[in-house]
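Here's the structure, in structure tokens; my notes come after.
For this chain, numbers begin at 1 and follow the sequence in order.
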Amino acid sequence: MATKADREKVEVLLASHGRTYAEDAGVRVRNTPQPLYQLLVLAHLLSARIKASVAGDAARALFAAGMRDPRHMADATWQQRVDALGEGHYRRYDERTATQLGDGAELLLEQYGGDLRNLRDRAGEDVEEEKRLLREMPGVGPVGADIFLREAQGVWPEAAPYFDGKAVQGATRLGLPESPRALARLADPEDYPALAAGLVRSALDQHVADDIAEHAAAH
């Protein structure tokens with residue numbers, strides 16, 4: 001059962017650390033082809049063992065270089081993709097990732113006409129099937145599929161509430177309920193993506209958790 005203290009923690013978390021990773025990368029998530037593709041690229045980049053800020057910078061660099069949709073990503077040369085990733089300081093995995101981004105764009109064009117809404121339709125808006133199909137994208141995998149659905153749940157409501165294992169780790173660290181349904185009762189549906197992002201930040205950074213505990217205690 002949600003307590004007043006839990007609600008206060010969530011209010012503080014949303015106010016101080018409730019930016020989605022898409023927002024950080026300059027992606028305004030909507031249920032249209034280009035933003036969904038950009039979110040997929042971001043989820044791919046975030047799924048590597050690399051700082052989230054670096055993944056966001058790399059996504060911004062790719063989009064700034066014109067690779068904002070699967071056709072332009074596929075048409076770019078491998079070296080152009082490597083160079084854009086390098087501009088975002090995404091250097092440790094740049095060569096493999098450049099290949100995967102090109103292959104993924106081609107697959108998306110061939111299988112879904114470049115539109116992830118067609119993937120959603122093929123899945124019948126079944127979340128487990130959406131996850132399975134997303135994992136077929138080169139370089140995405142289980143972690144990338146979780147990130148995508150965590151951030152897309154505001155526009156793909158069948159996925160909501162989507163609080164994956166990493167978000168639940170953050171909830172545990174904050175002393176919040178660990179059930180996705182229980183977490184959902186602490187926020188409005190439109191805030192689920194931001195809450196999930198804040199919980200992930202709490203899981204990844206003890207300073208975030210300490211900040212929430214300090215501010216919640218002051219209420």
Side-chain angles (χ1 to χ4, degrees), residues 2-3 5-29 35-36 38-63 88-90 92-93 131 134 140-156 159-219:
T3 67
D6 290 342
R7 293 187 185 281
E8 287 176 351
K9 284 179 188 175
V10 166
E11 285 177 16
V12 173
L13 182 63
L14 287 170
S16 54
H17 301 285
R19 301 175 319 281
T20 65
Y21 287 95
E23 285 178 286
D24 281 349
V27 178
R28 185 181 171 197
V29 178
L36 289 173
Q38 291 176 1
L39 178 58
L40 182 68
V41 170
L42 177 63
H44 179 168
L45 298 175
L46 283 166
S47 63
R49 293 180 180 275
I50 204 159
K51 284 185 177 180
S53 59
V54 172
D57 288 346
R60 284 180 180 274
L62 285 163
F63 306 149
H89 308 290
Y90 199 93
R92 186 174 171 190
Y93 306 99
K131 276 202 282 193
L134 286 165
V140 174
V143 173
D146 277 341
I147 294 169
F148 179 90
L149 290 167
R150 205 169 66 208
E151 297 263 324
Q153 63 182 309
V155 295
W156 287 12
Y162 202 95
F163 300 104
D164 62 342
K166 188 60 71 176
V168 169
Q169 281 180 32
T172 303
R173 179 171 270 183
L174 292 172
L176 291 170
E178 297 178 5
S179 154
R181 292 288 171 190
L183 287 168
R185 288 194 285 271
L186 297 172
D188 294 328
E190 60 265 29
D191 289 328
Y192 290 168
L195 175 56
L199 291 171
V200 169
R201 288 190 176 91
S202 298
L204 297 175
D205 187 347
Q206 181 64 48
H207 292 98
V208 172
D210 292 343
D211 183 50
I212 300 308
E214 181 182 337
H215 282 83
H219 274 221

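With sequence neighbours excluded, the residues that form a side chain to side chain contact (heavy atoms under 4.5 Å, CB included) with Ala167 are Phe163, Asp164, Leu199, Val200.
Nearest heavy-atom pair across Ala59 and Ala25 is CB-CB, 4.4 Å. Across Arg19 and Asp24, no two heavy atoms sit closer than the pair NE-OD1, 3.0 Å. Annotation for Ala48 and Tyr90: closest pair CB-OH, 3.2 Å, computed over non-hydrogen atoms. Pro177 and Leu183 make their closest contact through O-CD2, 3.2 Å (heavy atoms, listed as atom of the first residue, atom of the second, distance). Between Leu42 and Gly56, the shortest heavy-atom contact is CD1-CA, 4.1 Å. Nearest heavy-atom pair, Arg150 versus Ala196, reported as atom, atom and distance to 0.1 Å: CG-CB, 3.4 Å.
How far CG of Leu62 is from CG of Asp57: 11.0 Å, rounded to the nearest 0.5 Å. Atoms CZ and OG, on Arg185 and Ser179 in that order, are 6.5 Å from each other to the nearest 0.5 Å. From Glu8, atom CD reaches atom CD1 of Ile212 across 12.5 Å, with rounding to the nearest 0.5 Å. The distance from the CG atom of Leu14 to the CG atom of Asp191 is 5.0 Å, given to the nearest 0.5 Å.
Between the side chains of Asp205 and His17, not a single donor N or O lies within less than 3.5 Å of an accepting N or O.
By the 4.5 Å heavy-atom criterion applied to side chains, Asp211 and Ser16 are counted as neighbours. Here the side chains of Ser202 and Val208 are in contact, with some heavy-atom distance below 4.5 Å. The side-chain heavy atoms of Leu45 and Val41, taken from C-beta on, include a pair separated by under 4.5 Å. With a 4.5 Å cut-off on side-chain heavy atoms, Leu39 and Phe148 count as touching.
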| task | Give the intermediate values and the outcome of side chain to side chain contact (heavy atoms under 4.5 Å, CB included) for residues Leu186 and Leu176. | result | CA-CA 10 Å; Leu186 297 172; Leu176 291 170; 4.2 Å; yes
| Leu149 and Leu134: side chain to side chain contact (heavy atoms under 4.5 Å, CB included), yes or no, with the steps? | CA-CA 9 Å; Leu149 290 167; Leu134 286 165; 4.0 Å; yes
| request: Report the C-alpha distance between Lys166 and Val143 in whole Å, list the side-chain angles of each, state the deciding distance to 0.1 Å, and finish with yes or no for side chain to side chain contact (heavy atoms under 4.5 Å, CB included). | output: CA-CA 9 Å; Lys166 188 60 71 176; Val143 173; over 6 Å; no
| request: Applying side chain to side chain contact (heavy atoms under 4.5 Å, CB included), run through Tyr162 and Asp146 and close with a yes or a no. | output: CA-CA 8 Å; Tyr162 202 95; Asp146 277 341; 2.4 Å; yes
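Cation-pi geometry between Arg201 and Tyr21 is met: the NZ or CZ atom falls under 6.0 Å from the ring centre, inside 45° of the normal.
Test Gln38, Glu151, Arg60 against Val27 for side-chain contact (heavy atoms from CB on, under 4.5 Å) and you get one pass: Gln38.
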